[in-house]
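Letters A, B, ... mirror the listed sequences (proteins, then strands); counts begin at 1.
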Amino acid sequence: MDFNLSEDHQLLSDSLRRFLAENYDIETRNRTAYAAPFHAPETWSALAELGVIGAFVPEGQGGYGGTADDVAVIFEELGRGLCSEPMLGTLLGLRLLAALGQTDLAARVIDGETRVALAVSEPQVACDLSCLQATARCEGDVWRLSGRKSAVYGAPGADLVLVVARLADAGENAALGLFLIHAPESIAAPMIDGGGIADIVLDGLQAECLSTDCAELVEDALDLGRIALCAEAVGAMSHLIEITIDYLRQRKQFGRTLASFQALQHRVVDMVVEREQCRSITIAAVAAYGTPAQARTVSMAKNLIGRMGSWIAEEAIQLHGGIGMTWEYPGSHYAKRLVMIDHQLGDRNDHVLRMIRLKPGAPPAEAA
Amino acid sequence: MDFNLSEDHQLLSDSLRRFLAENYDIETRNRTAYAAPFHAPETWSALAELGVIGAFVPEGQGGYGGTADDVAVIFEELGRGLCSEPMLGTLLGLRLLAALGQTDLAARVIDGETRVALAVSEPQVACDLSCLQATARCEGDVWRLSGRKSAVYGAPGADLVLVVARLADAGENAALGLFLIHAPESIAAPMIDGGGIADIVLDGLQAECLSTDCAELVEDALDLGRIALCAEAVGAMSHLIEITIDYLRQRKQFGRTLASFQALQHRVVDMVVEREQCRSITIAAVAAYGTPAQARTVSMAKNLIGRMGSWIAEEAIQLHGGIGMTWEYPGSHYAKRLVMIDHQLGDRNDHVLRMIRLKPGAPPAEAA
Amino acid sequence: MDLEFTDEERAFREDVRKFLQRELPRDIAGKVAAGKDLERDDILRWQAILHARGWLAATWPKEHGGPGWSAVERHIFSEECALHSAPRLPPFGLNMLGPVLIRFGNDQQKREILPRILDGSDWWCQGYSEPGAGSDLASLRTRAVRDGDHYVVNGQKTWTTLGQYANKIFCLVRTSTQGKPQEGISFLLVDLDAPGVEMRPIRLIDGGHEVNEVFFTDVRVPVANLVGEENQGWTIAKYLLTHERTNIAGIGYATKELERFHRLAREITRDGRRLSDSPLHAARAAEIEAELEALRITNLRMLANARDGAAGGVESSLLKLKGTQVRQMLQNLYRSALGSQAAPIADELSENELTVPVDAARAAPVYFNHRKLSIFGGSNEIQRNIVAKELFKE
Amino acid sequence: MDLEFTDEERAFREDVRKFLQRELPRDIAGKVAAGKDLERDDILRWQAILHARGWLAATWPKEHGGPGWSAVERHIFSEECALHSAPRLPPFGLNMLGPVLIRFGNDQQKREILPRILDGSDWWCQGYSEPGAGSDLASLRTRAVRDGDHYVVNGQKTWTTLGQYANKIFCLVRTSTQGKPQEGISFLLVDLDAPGVEMRPIRLIDGGHEVNEVFFTDVRVPVANLVGEENQGWTIAKYLLTHERTNIAGIGYATKELERFHRLAREITRDGRRLSDSPLHAARAAEIEAELEALRITNLRMLANARDGAAGGVESSLLKLKGTQVRQMLQNLYRSALGSQAAPIADELSENELTVPVDAARAAPVYFNHRKLSIFGGSNEIQRNIVAKELFKE
């Protein structure tokens, strides 16, 4: 039992934290976060050079990491630094490219030359892949896609988009295929918490087929993405609580610092308790990744983080008062990120329902 | 629009409050509340004399009241005084006796000579009468009942028990009949919050049939019972909050009164806010009784009171600390009552489900 | 006990409804329903329509151009306005400065200023808060020093709502440093065009521009612009705070928001199920509905108290507390309902590129913006302090 | 990062399990599972079994008869005990007085007292709280005045858990009124049979008798019964408070309680549906499960910290706060699950008259009893103060 970071992880975490602290202040961040292309190539190259992208993939597949632990270490720092670069989409896409043996493409993504995104969710599908409706049809040796994908993270400006689509004419239980398209047109917009998102209308688009049965791989990648989001939330809430405490210590009202009001103190304590709980459940999800308990534990984590992240964000704004409501104050952007994480890859309710589907009351993984 | 009590109600309310304050202290209450027969005949006669029982029934049926307002005024005072006499069972049973024209029996109940209870719920049925399984079979001109009734409030020692049972051999949609039995044997126990409760094993019991289609009447009586419980809760929480404030003002810790700690003050404020809300939703239910909005508004009230009553009880105990945990302190019995009200005639979840069944999003009654 | 409105009140509600259905411009109501920002002109247009009907200054007595409504009528009017997606009227001239002048202003001030509020010639904004004085207003530091027939004003105000649309501002300024901090404050009217006044936008969390900072550098203000006596400003400010605030609970808005959620839930499908069939969402909505229904009655109870002449300081705190909680729960529920489609900033998409109903597309920014409800206008912590003071008074 | 236990630790867990399955008397485990009160003899019987195995005094070093366990082993042991419904051992002799004597006691005290704790000859109870000194322990007023070779003790203690089973009590008493209140306190051992000691039961909210008041009237206590130095009592009390409390989060109990809920939900039908198919109950249980799973990891993290020698004052407060919340949520869920059948006091019914499983029949009294979790042993408000002090320290 050991909860310390390994030496390598400590190094990676430190260098990433230092890089963001020194090169990525809130103004820099906000300049790219809310305007197309939602992405600063120089930041991206620097992150790639730090090894951030390569750490998403195992050595055998061209990377130098690839465990859930690697991913969590990185995303916690991205969260602490409120990095809005399209790292989530890259994680999801790269995992699939690499797992399906697209070594060359994967290598270019790892180097930061090429950006990839994963188009899986649809306007009516949050979490349950069996409800996907986009289809792929093979005509001669050409695959054509139809349907609409939404919430494609990092799609604006991506070089490659992987699309998950149901194989046509294969009936109810048709397998899910994975298809590659190059720099498709998309309906792009900034996210309210920063970063780019897009819908893609497939509409007969021609695509390269990478797999004709990818459901399990996609679910694994999504679970890893959920872990990444949880870790990002833990980083963001840690920073947000820190600056809330700082603010309460500085700000005076009625001749006393806000920090001296017991009612406010107790609320901060409750935030800290939940932050520790969020860190713990993320650790649990990391540990369960790749075990039979993966899906259920990841859903526990995503549920708890969804609830507590937005609660902590609301409390932080409230404890700041007016200043917490302003664009200029960095805390407001952290708060938005924490709330909106619950809208990515399934929310608290979606994941509670997934937990229930996966048998309620099963004993926790470790007890065995 | 007028939220003041009518003169008559003010009189009734005052006299009932005075009677309980002068004749029903917590020791008196606890002596009868937790030991068979859970009932003090002299208290009962006095209540009957004050007009409490007669106020449950309209003039045309031998009473002198019978509106939801009458019932709420009385139960609020019973709640404030933590009266554990079997008034709920009497309300339910008497309403049905009177509505079905059993004038003589009703008159004896009103006089306090006879006690009646209503056996409707079953071990597996909380709120949905269509799930009842007890049956009544007519053999010649004799009706026999079978099945088991549970949570019969006020049954221990009752002279009359009305039983709701499905008419046998009438298929899926069999009507519900109402049957009278005299002082049946029962499996009696004290309730944890005081008062008597019983199961009744029907097992071929012979009974007099009062109605062969009573579902609507029973549902109305139950809704009135729910309103009574809500009003009782409002009375109980008002008293509990009052004594909590008193305690916080007296008790010193670290050289200051507890009342001077801001974190505790804010929690009491939130309790007061919810108490006002509970009072309001009870008023809404009273106003909706007898209108098309009855069922849905009563369920709103029972849900909100269920949630807030137990929350206020928990907060009150916590704010008291150890003393709030003791049998000797009256507040602990108020807290138990508030929590357990959520277990009577359907709990918060049962009533949320009933609200949903009755069409979510329908506009509130009054807006029309 | 009687929850019914009188026949006259019902008839009045019917009048208001008909008026709104006929007169409220569709384009404006559409923006309000979709949570979009209104232009200056949208609001002026609506004010002019109300003014033409004599219904603009709900709280003013008839002699000054108000409709002469009872508290109940004012309640009915504002509830119906919310239910019909009428714009929320900026309260600064109509509900704040107007009543202050009527109570504390001199004849000339009443004669000159009140009509210009009604006809839209002046748009007033509020100069109360300062960077160091929000909840603790008494510590304000903007100075007004007498110099002949003028005050010379220096200092900074903040959180000035819709200041960008205004040409006038009423301010609390410090005219004395003697005695208790409350005792040296005056209520002063300032022309925003005066030399030395500068207004800068504050961008809020949702990216919108609705509040401002105002800087005063040696601004000369005629002494005639003083309202009431010098150093009487605290009394005036308190009058405004305890002045009946009909719509503080926001029942109409909340009712509309709940209705909007149910409509959306019937339209949205998520993972193979209509959202309205999802027991978790339905249960949450039902529980909030119960709280809202209770609040509706609480509001009526307090309205009846006010009508019957009972004081209401604590009561308006209770309404503010619960009212903001209910609305924030509803904003939260609505945002959650959209799932991943709440993320994009919909302003940047044309309406036919949306896969959610246009009305819902701004759910997230509206949610973030409405976190202000529990902060501005006396934070919920301040409201709790006010109630606690009453509950625990000796 | 590594959540796994070592092979040795796993083997140890296996040993504990086998031992519990073999040695824990069924009748006792049954009472624990059903939330029934245990008799004095039940506990002594179980203590004797543990003592025979050398596992009774988990926190003591080997030389004094402890098993010499690591913090992790102690955790595993207490978790398994909870999962097998072993009785919670009264901590007063084993986890409180024992460690105090080992750290502060003289040789004679260790030699005479420790073995009698192990073999059940003495049952110790605790005399800390007083009617006017609960959370604010430093204000205690029970006096011990030196008179030759004795102290003469006068005063009153309260909340003395299971005092009715005890023959000895350790007390904090005031031996000086000089200086700060903390400085005049001593730690004294008192024989409950001594003349002038009177114990009176306090009945709790659920009707049960588990705590007591103890009155001291001119009780003569030999000076040899002083632990540590005179006026060193505060140091000893603080040592106990910050002393590692392995099981403070109650993970094992909570795990058991969640399991118990799911079992019940599968058995109970309500309004035509099995409770386990009710989405509202299932969702609530799932959300609590997520919190419990998080807490399990939080507990392990803090355990690893403790193993690695990091201090843990704040951490035990965090565990206490969240641990009590999770358990109280579970008690609440379980009680709610029973619907109307939670109301009757089941002790008064014979088991075959119940229509709910015997284990569930005491759900309501157990729920009420467990409101104590957030009050006793340093209320949750006190825990928040402790954490706040650390967070906001200069």
**Request:** Select one option (side chain, backbone, both, neither) describing which atoms of B:Asp350 are under 4.5 Å from chain D's heavy atoms.
**Result:** side chain

**D:Phe376 portion near chain B, given a 4.5 angstrom heavy-atom threshold** = side chain

**Prompt:** Got B:Leu353 and D:Asp271 here, is their nearest side-chain heavy-atom distance under 4.5 Å?
**Reply:** no

**Message:** Which atoms of B:Gln253 are under 4.5 Å from chain D, going by heavy atoms: the side chain, the backbone, both sets, or neither?
**Reply:** both

**Request:** Could you tell me which of D:Gly132, D:Ser379, D:Ala346, D:Ser336 has the largest number of non-hydrogen atom pairs under 4.5 Å with chain B?
**Result:** D:Ser336

**Fill in**
Okay, D:Pro181 and chain B: the region with an atom under 4.5 Å from a heavy atom over there is neither

**Request:** State, yes or no, whether a side-chain contact exists between D:Ile202 and B:Met325 at a heavy-atom distance under 4.5 Å.
**Result:** no

**B:Asp199 side chain near D:Leu349 side chain, heavy-atom distance below 4.5 Å** = no

**Request:** Against chain B, work out which of D:Gln328, D:Arg371, D:Gln341 has the most heavy-atom pairs shorter than 4.5 Å and name it.
**Result:** D:Arg371

**Prompt:** B:Ala263 versus chain D, heavy atoms under 4.5 Å apart: side chain, backbone, both or neither?
**Reply:** neither

**Asked** Going by atom types only, do B:Gln318 and D:Ser374 share a side-chain donor-acceptor pair under 3.5 Å?
**Response** yes

**Prompt:** How close do D:Gly339 and B:His343 get, heavy atom to heavy atom, and via which atoms?
**Reply:** O-ND1, 2.7 Å

**Request:** Pick one of side chain, backbone, both or neither for D:Leu373, based on which atoms fall under 4.5 Å of a heavy atom in chain B.
**Result:** neither

**Prompt:** Hey, what do you get for OG1 (B:Thr326) to CG (D:Leu204), rounding to the nearest 0.5 Å?
**Reply:** 7.5 Å

**Contact summary for D:Pro344 and B:Ala189, nearest pair of heavy atoms** = CB-CB, 3.9 Å

**Asked** Can you say whether B:Val201 sits under 4.5 Å from chain D via the side chain, the backbone, both, or neither, judging by heavy atoms?
**Response** neither

**Residue D:Glu198 excluded, over 12 heavy atoms near CD under 6.0 Å** = yes

**Message:** Quick check on B:Glu185: does its CD atom have over 12 non-hydrogen neighbours (other residues, nucleotides or ligands) under 6.0 Å away?
**Reply:** no

**Request:** Tell me, out of B:Pro190, B:Ala188, B:Ser332, who's got the most heavy-atom pairs with chain D below 4.5 Å.
**Result:** B:Pro190

**Message:** For D:Ser139, which atoms come within 4.5 Å of any heavy atom of chain B: side chain, backbone, both, or neither?
**Reply:** neither

**Prompt:** Just wondering, do D:Ser340 and B:Tyr153 contact through their side chains at under 4.5 Å, heavy atoms?
**Reply:** yes

**Item:** Note: D:Arg270-B:Asp347 ion pair, threshold 4.0 Å (strictly below)
**Value:** yes

**Request:** May I ask you to test the B:Ile317-D:Ile375 pair for a side-chain heavy-atom distance under 4.5 Å?
**Result:** yes

**Request:** Output the distance between atom CD (B:Gln124) and atom CD1 (D:Ile268), rounded to the nearest 0.5 Å.
**Result:** 9.0 Å

**Item:** Under 4.5 Å from a heavy atom of chain B, the part of D:Glu353 involved
**Value:** both

**Message:** Heavy-atom count check: over 12 atoms from other residues, nucleotides or ligands less than 6.0 Å from D:Arg141 CZ?
**Reply:** no

**Asked** Side-chain contact, heavy-atom cut-off 4.5 Å: B:Arg267 with D:Glu381?
**Response** yes

**Prompt:** Which of the residues B:Leu132, B:Val352, B:Val339, B:Asp342 is involved in the greatest number of heavy-atom pairs with chain D at under 4.5 angstrom?
**Reply:** B:Val339

**Item:** Trace of the side-chain contact (heavy atoms from CB on, under 4.5 Å) decision for B:Ile192 with D:Arg335
**Value:** CA-CA 12 Å; B:Ile192 180 135; D:Arg335 170 181 57 68; over 6 Å; no

**Selection from B:Met191, B:Gln344, B:Glu314 maximising heavy-atom pairs under 4.5 Å formed with chain D** = B:Glu314

**Item:** Per-residue contact mode, B:Ala313 against chain D (heavy atom under 4.5 angstrom)
**Value:** neither

**Prompt:** Checking D:Asn369 against chain B: side chain, backbone, both or neither under 4.5 Å from a heavy atom?
**Reply:** backbone

**Asked** Side chain, backbone, both or neither: which part of D:Leu280 has a heavy atom under 4.5 Å from chain B?
**Response** side chain

**Prompt:** What part of B:Leu129 gets closer than 4.5 Å to chain D, counting heavy atoms only: side chain, backbone, both or neither?
**Reply:** neither

